[in-house]
Protein chains: 2
Amino acid sequence: MELTPRKKEILKVVIENYISTAEPVGSKAIASQLTSKVSSATIRNELADLVEMGYLEQPHTSAGRIPSPKGYRLYVNELMEQRALSLQETEEINRALQMKMQELDGVISKAGQMAAALVNYPAYAMASGTPGLTVQRFDLLSVDPSSFIAVVMTQDSRVKSRLIRSETGVDADQLAALAALLNAHFTGIDETEMNRKLMDLSGKTPGPLFMTLSQTIEYACSVIEGGEKNKVYTTGANNILKLPEFRDADKAHELMSFMVDNTENLPVPPAGTNMEILIGPENVNEALRDTSVVVASYDIGDNMRGLIGVVGPTRMDYATVAARLSYFAEGLTKMFGKQDPLLPGPKEEQKT
Amino acid sequence: MELTPRKKEILKVVIENYISTAEPVGSKAIASQLTSKVSSATIRNELADLVEMGYLEQPHTSAGRIPSPKGYRLYVNELMEQRALSLQETEEINRALQMKMQELDGVISKAGQMAAALVNYPAYAMASGTPGLTVQRFDLLSVDPSSFIAVVMTQDSRVKSRLIRSETGVDADQLAALAALLNAHFTGIDETEMNRKLMDLSGKTPGPLFMTLSQTIEYACSVIEGGEKNKVYTTGANNILKLPEFRDADKAHELMSFMVDNTENLPVPPAGTNMEILIGPENVNEALRDTSVVVASYDIGDNMRGLIGVVGPTRMDYATVAARLSYFAEGLTKMFGKQDPLLPGPKEEQKT
DNA sequence: CTTTAGCACTCCTCGCTCCCGAGTGCTAAA
DNA sequence: TTTAGCACTCGGGAGCGAGGAGTGCTAAAG
């Protein structure tokens with residue numbers, strides 16, 4: 001059954017009041033905020049209906065109404081107005097986007113930090129959709145007889161390097177040969193395959209050289225695997241302490257601990273869209289059952305997406321959070337597309 | 001005036017009780033834990049003295065006593081017994097030390113995380129004492145006409161690299177020349193000097209090449225400056241929520257926010273020693289005035305030190321925290337000295 | 001001079017009751 | 001269908017008193 005327009009308006013008022021005050025909303029308060037002038041008694045009748053339909057809840061008889069998850073859902077889907085960001089807000093976000101990006105992981109964690117700062121809720125950030133990173137190119141640079149630098153460029157054009165000490169010692173010629181070997185046989189393949197090939201070579205290669213080879217492969221594996229693929233950065237957890245629903249230290253602790261420890265269980269966003277809102281029990285995670293999560297994604301390029309998620313009470317200011325987050329995510333996407341030196345990126349018309 | 005042995009023993013009992021219970025300690029409880037059998041009345045007399053001398057405080061008449069910062073200080077300096085770590089504890093720490101260290105910054109932040117986990121208090125981690133890092137060696141690897149990889153090895157043997165897109169385009173020969181130039185003139189000097197030299201060259205170098213040069217230098221500067229020198233990692237902040245003194249959400253929030261935002265104001269450890277304890281008002285930071293901080297340092301090599309600090313209530317279990325932290329820091333120092341492939345490191349006798 | 005028992009006193013904590021007021025649900029009239 | 005009126009509900013806070021842990025003091029004993 002469809003809700004009457006007036007019911008919707010009432011629902012909206014209740015939700016928006018509750019979002020800003022965290023206190024049950026009474027019929028009188030609603031009456032004064034409605035466009036049409038009706039008495040509080042009328043409102044009460046409507047409220048009773050809305051409760052029965054499951055859009056509102058009553059903490060106890062003789063208290064005002066608070067929204068139920070179902071109510072929030074309706075609000076988010078239909079009632080919520082596209083919140084236009086103020087000039088000030090956009091400027092703030094643009095300023096945040098000016099950050100220098102030195103390394104991809106740095107950007108991801110920074111994005112999380114900024115998201116948290118932007119909305120004053122805890123946030124998490126991660127990259128997703130790296131379907132098996134591979135190495136695109138190896139370089140080995142001789143430093144001294146007992147050590148060399150391994151430079152690994154992954155197929156998404158990130159470059160990592162590290163000094164490796166060879167126990168056996170290698171000279172520049174050997175390194176060059178090794179590099180050629182690596183580039184010939186170890187590029188474009190994933191970790192397990194690398195290890196397999198390494199095994200194959202174990203007999204056919206002189207011992208000392210093989211040692212060095214395997215050290216290099218080990219490093220390469222750590223790069224493509226450990227990168228920041230599964231790393232989840234959590235920030236701004238302290239923000240929840242300001243919220244009345246988390247005045248209780250135990251509750252706050254529970255959520256915080258969950259967010260920092262249980263990082264791989266955080267909701268990931270939908271495929272296709274670039275923003276999702278999960279309200280209360282819509283979250284599969286037990287610990288997030290009475291919080292809401294807003295997740296936005298941005299393109300990093302090379303079919304990878306970055307994720308920024310915001311965790312807050314169900315009484316979250318969805319309009320603002322969604323607006324800011326999506327603007328921010330769009331900005332990040334643009335940033336990666338345009339000025340990113342890491343990636344070729346789609347050329348956009350740009351006048352600098 | 002010196003304290004009598006009995007006063008010291010009483011003080012010790014009070015502190016240790018208070019540390020474990022967070023509740024004022026009464027004369028009767030003390031009497032039952034003292035080695036010499038004395039009555040509670042005697043204890044009361046002693047307690048009155050201790051209060052007068054400033055070692056103890058009384059929340060209100062007719063409550064037990066709690067230690068004052070001065071009391072804790074005496075305890076830490078004289079009374080506290082060197083806490084021997086149990087086998088289990090050392091094993092746990094040793095296990096933590098097995099971590100792979102891929103990158104220095106990774107290790108530092110990880111050290112902080114582990115420290116927090118080890119003592120169940122919030123912890124922060126940073127590196128200190130990098131007196132102007134310099135570049136030891138440059139390598140430039142040609143990727144394609146419009147981009148190349150810059151590899152920078154700092155004088156403490158860390159290696160960083162990144163793909164740089166050159167707007168003008170450079171071929172391999174040019175890169176080789178550029179690398180030679182860089183290695184000849186831009187190694188061993190600090191950031192400001194690099195920029196000065198760059199200025200000098202601005203006229204004498206062909207435009208396109210100069211562009212590439214300055215991009216590279218810019219990157220080098222970001223490495224030696226931004227590295228992890230001033231970066232402070234904070235973790236485990238959620239731990240404070242378990243403590244009764246931070247049941248109050250406002251208090252907890254204050255400390256947490258301070259720790260994450262105000263990172264550069266965190267106490268740094270003393271020169272010379274490798275561990276310091278700062279109790280309550282001994283902290284210069286307003287926000288840390290009723291918390292205590294235990295800071296330990298470990299050698300990273302190349303006259304750099306890593307710092308791990310633990311922040312907790314003044315009622316912190318100093319003995320345990322100090323023991324674990326120093327054991328952990330020692331372990332880190334050893335780790336860096338021994339198996340660290342990043343650094344030559346002091347040769348220790350080692351039979352592997 | 002130190003230690004101890006005794007005792008009155010202090011003051012926090014907890015549970016209880018009671019009151020207030022916001023807000024409801026219902027009824028009856030418009 | 002809307003509205004005014006009114007009795008009712010229920011949470012929250014104030015006020016009160018009992019209980020108890022712990023003190024400070026005094027006076028006697030070692």
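Chain naming here is simple, since letters A, B, ... match the order of the sequence lines and numbering starts at 1 in each.
- In this model, the phosphate group of D:dT23 is approached by a side-chain N or O of B:Arg65 to a distance below 4.0 Å at OP1 or OP2.
- Applying the Watson-Crick and G-U wobble criteria (two distances, each under 3.5 Å), C:dA29 pairs with D:dT2.
- A donor-acceptor pair shorter than 3.5 Å can be found between the side chains of A:Tyr75 and A:Glu16.
- Rounded to whole angstrom, the span from the CG atom of A:Asn17 across to the C1' atom of C:dG23 amounts to 15 Å.
- Heavy atoms of B:Thr61 sit under 4.0 angstrom from primed sugar atoms or phosphate atoms, though from no base atom.
- Between the P atom of C:dT4 and the NZ atom of B:Lys37 lies a distance of 11 Å, rounded to the nearest Å.
- Looking at heavy-atom distances under 4.0 Å, B:Ala41 makes contact with a base.
- Under the Watson-Crick or G-U wobble criterion, with both distances below 3.5 Å, D:dA21 is paired with C:dT10.
- The nucleotide whose nearest atom lies closest to any side-chain atom of A:Thr42 is, among C:dT24, D:dT3, C:dT3, D:dT3.
- Between B:Lys28 atom NZ and C:dC7 atom P the separation is 15 Å, expressed in whole Å.
- The side chain of B:Arg44 sits closest to C:dG6 out of D:dC10, C:dG6, C:dT4.
- When all heavy atoms of A:Leu288 and A:Asn283 are compared, the closest pair comes out as O-ND2, 3.4 Å.
- When the nucleotides C:dT24, C:dC11, D:dT2 are ranked by their closest atom to the side chain of B:His60, C:dC11 comes out on top.
- At least one side-chain nitrogen or oxygen of B:Arg6 sits closer than 4.0 Å to the OP1 or OP2 atom of C:dT3.
- Here the closest heavy-atom approach between residue A:Tyr121 and residue A:Asp317 is recorded as OH-N, 3.8 Å.
- The interatomic distance linking B:Glu57 (CD) with D:dG22 (C1') rounds to 18 Å, in whole Å.
- Side-chain atoms of B:Glu245 and B:Asp290, non-hydrogen and from C-beta on, never get closer than 4.5 Å to each other.
- Atoms CD (A:Glu23) and P (D:dG12) sit 10 Å apart, rounded to a whole Å.
- For the pair A:Gln58 and C:dG25, the criterion of a side-chain N or O lying under 4.0 Å from OP1 or OP2 is met.
- Side chain of B:Tyr124 to main chain of B:Pro267: a donor-acceptor pair is present (N/O by atom type, distance under 3.5 Å, no hydrogens or angles).
- Whole-Å rounding puts the B:Asp49 CG to C:dT2 P distance at 10 Å.
- Rounded to whole Å, the distance from CD on A:Glu46 to P on C:dG23 is 19 Å.
- Of the side-chain N and O atoms in A:Ser62, none sit less than 4.0 angstrom from OP1 or OP2 of D:dT9.
- We find that CG of B:Leu50 is positioned 12 Å from P of D:dG24, with the value rounded to whole Å.
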